[in-house]
Engineer: 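Can you keep this structure in mind? I'll have questions shortly.
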Amino acid sequence: MDWELLDSFWAAAWPKVFEIGKLIIVALLIWFIGKKVIDLTLKITKRALEKSKVDDGVQSFLMSMLRILLFGVLIVILAGTVGIETGSIVALLGSAGLAVGFALQGSLSNFAGGVLILVLKPFRVGDYIVANGMEGTVTGIDIFYTKLLTVDNRMIVLPNGTLSNSNLINVTHEATRRVDLVASVDYSSDIKAVKAILFDIASDLEYSFEDEGHPIQVYVDTYGDSAVNVGLRFWVKAEDYWNAKWAATEQIKEKFDRAGISIPFNQLDVMIKNK
C-alpha cells in the first residue's frame, strides 16, 4: 500500500470532512434550538388564543398554519446554513405553489371559504342553518368542508367556497323564534270569537312566553275566495319552535270544532245524469 498517497489523500480530504462535520453539528444545533423555540412559540400562542376565547375551529386552524410557517422558516435557515442557495429554494417553492394553485383552484376556494367562515363566524357548530337548498345542524366546520346533520339523520357535506359565497339562514342564531300561523275560517264565523280562541291557545301553550318585546298578536290577515284568514304570532325558545308550532296547529282544529267554527275546504260536486 502506498502510504504516502493515502496520507496525501487524508491531508487533502480532512479539511472538507471537518467542514462538513462542522456544518452538520451546526445544523443539528440550529434544528434543536429552532424546534424548542417553535414549541415555545406555539405554546404561548395557544394560551393567548384560549384566554381570548377564540373559537376552537379558529384556534386549530391558526395553530396549524403557524406551525407550518415556523417550520418552513426553520428549514430555509437550515438550508442556508449548509450552503444551499435559499433564493433558489424560495423560487422553487413559489413555482411549485403556483402550479399546485392552478391545479387545485376549487380546493383553494374552499380553503379561503373555510378561513372566512372561521373568522367571520356566520354560524357555529350546533347551529341549524339553511343554505343552497340544504338544511341541518352544523356538526363540523373543517378547512375545506362544512358538515350538516339533517333531522332525518343524513349527513350533508357542503364545500366552504360555495357556502361562504351564498345566502344562508342561521335559524338558531338567536335564542328566541316567532311562530307564525294562519287559520282560515268561514265568512259567517264570529271574528272576535275566533281571535279570542287563538289568543287563548298562544297564552296557554307551555312553550310560549309574552313580554313587552315579544307580544302575542292575533289579526285578520287576508280575505280569501271562501275564507277569512286570521293570523297568529307568538314567541318561543328556538329549541321549542317545532313542538310549539305542531301543538298550536292541533289545538286550533280541536278548539274550532268545539266552538262550532268551521274551517272551509275545497269541495267538488259530481252530478251524474241518467239518459
Engineer: Using a strict cut-off of less than 4.0 Å between a Lys/Arg side-chain nitrogen and an Asp/Glu carboxylate oxygen, indicate whether Asp39 and Lys35 qualify as a salt bridge.
Structural biologist: yes
Engineer: Looking at OG1 of Thr162 and OH of Tyr145, how far apart are the two atoms once the value is rounded to the nearest 0.5 Å?
Structural biologist: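 Between atom OG1 of Thr162 and atom OH of Tyr145 there are 9.5 Å.
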Engineer: Going from NZ on Lys255 to CD1 on Ile201, what distance comes out if it is rounded to the nearest 0.5 angstrom?
Structural biologist: 5.5 Å
Engineer: Can you see which heavy atom on Phe256 is nearest to which on Ala183, and at what distance?
Structural biologist: CE2-CB, 4.0 Å
Engineer: Considering non-hydrogen atoms only, spot the tightest contact between Tyr128 and Thr137 and give its length.
Structural biologist: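 So the minimum-distance heavy-atom pair works out to CD1-OG1, 3.5 Å.
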Engineer: Just wondering, do Phe123 and Thr172 contact through their side chains at under 4.5 Å, heavy atoms?
Structural biologist: no
Engineer: Give, for atom CG of Leu70 and atom OG1 of Thr45, the distance between the pair rounded to the nearest 0.5 Å.
Structural biologist: 7.5 Å
Engineer: State which residue, out of Thr146, Thr150, Thr139, fulfils the side-chain contact (heavy atoms from CB on, under 4.5 Å) condition with Ile156.
Structural biologist: Thr150
Engineer: Identify all side-chain donor-acceptor contacts of residues 233-252 below 3.5 Å with residues at least two apart in sequence or on another chain.
Structural biologist:
{"from": "Arg233", "atom 1": "NE", "to": "Tyr219", "atom 2": "OH", "distance (Å)": "3.2"}
{"from": "Thr249", "atom 1": "OG1", "to": "Lys245", "atom 2": "O", "distance (Å)": "2.7"}

Engineer: Closest approach of Asp186 and Ser188, non-hydrogen atoms and distance?
Structural biologist: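 It is OD2-OG, 2.6 Å.
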Engineer: Quick check: do Ser203 and Ile216 have side-chain heavy atoms less than 4.5 Å from each other?
Structural biologist: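 Of all side-chain heavy-atom pairs linking Ile216 with Ser203, at least one is under 4.5 Å.
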Engineer: Measuring from Leu116:CG to Ser164:OG, what's the distance to the nearest 0.5 Å?
Structural biologist: 5.5 Å
Engineer: My understanding is that only residues two or more places apart in sequence, or in another chain, count here; which of them pass side-chain contact (heavy atoms from CB on, under 4.5 Å) with Leu29?
Structural biologist: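 For Leu29, the residues satisfying side-chain contact (heavy atoms from CB on, under 4.5 Å) (neighbours in sequence not counted) are Ile25.
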Engineer: Within this structure, what is the CG-CD1 distance for the pair Leu232 and Ile197, rounded to the nearest 0.5 Å?
Structural biologist: 12.0 Å
Engineer: Do you know which two heavy atoms are closest between Ile263 and Ser184, and how far apart they sit?
Structural biologist: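 Reported closest heavy-atom pair: CG2-O, 3.4 Å.
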Engineer: Which ILVMFWY residues can you reach from Ile44 by hopping between side chains whose heavy atoms are under 4.5 Å apart?
Structural biologist: Leu40
Engineer: Once you round to the nearest 0.5 Å, how far does CG of Leu66 lie from OG1 of Thr41?
Structural biologist: 7.5 Å
Engineer: How far apart are the closest heavy atoms of Ala131 and Leu168, and which atoms are they?
Structural biologist: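 Looks like CB-CB, 3.6 Å.
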Engineer: Mind listing the closest non-hydrogen atom pair of Ser189 and Val194 along with its distance?
Structural biologist: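 In terms of heavy atoms, the two residues are closest at CB-CG2, 4.2 Å.
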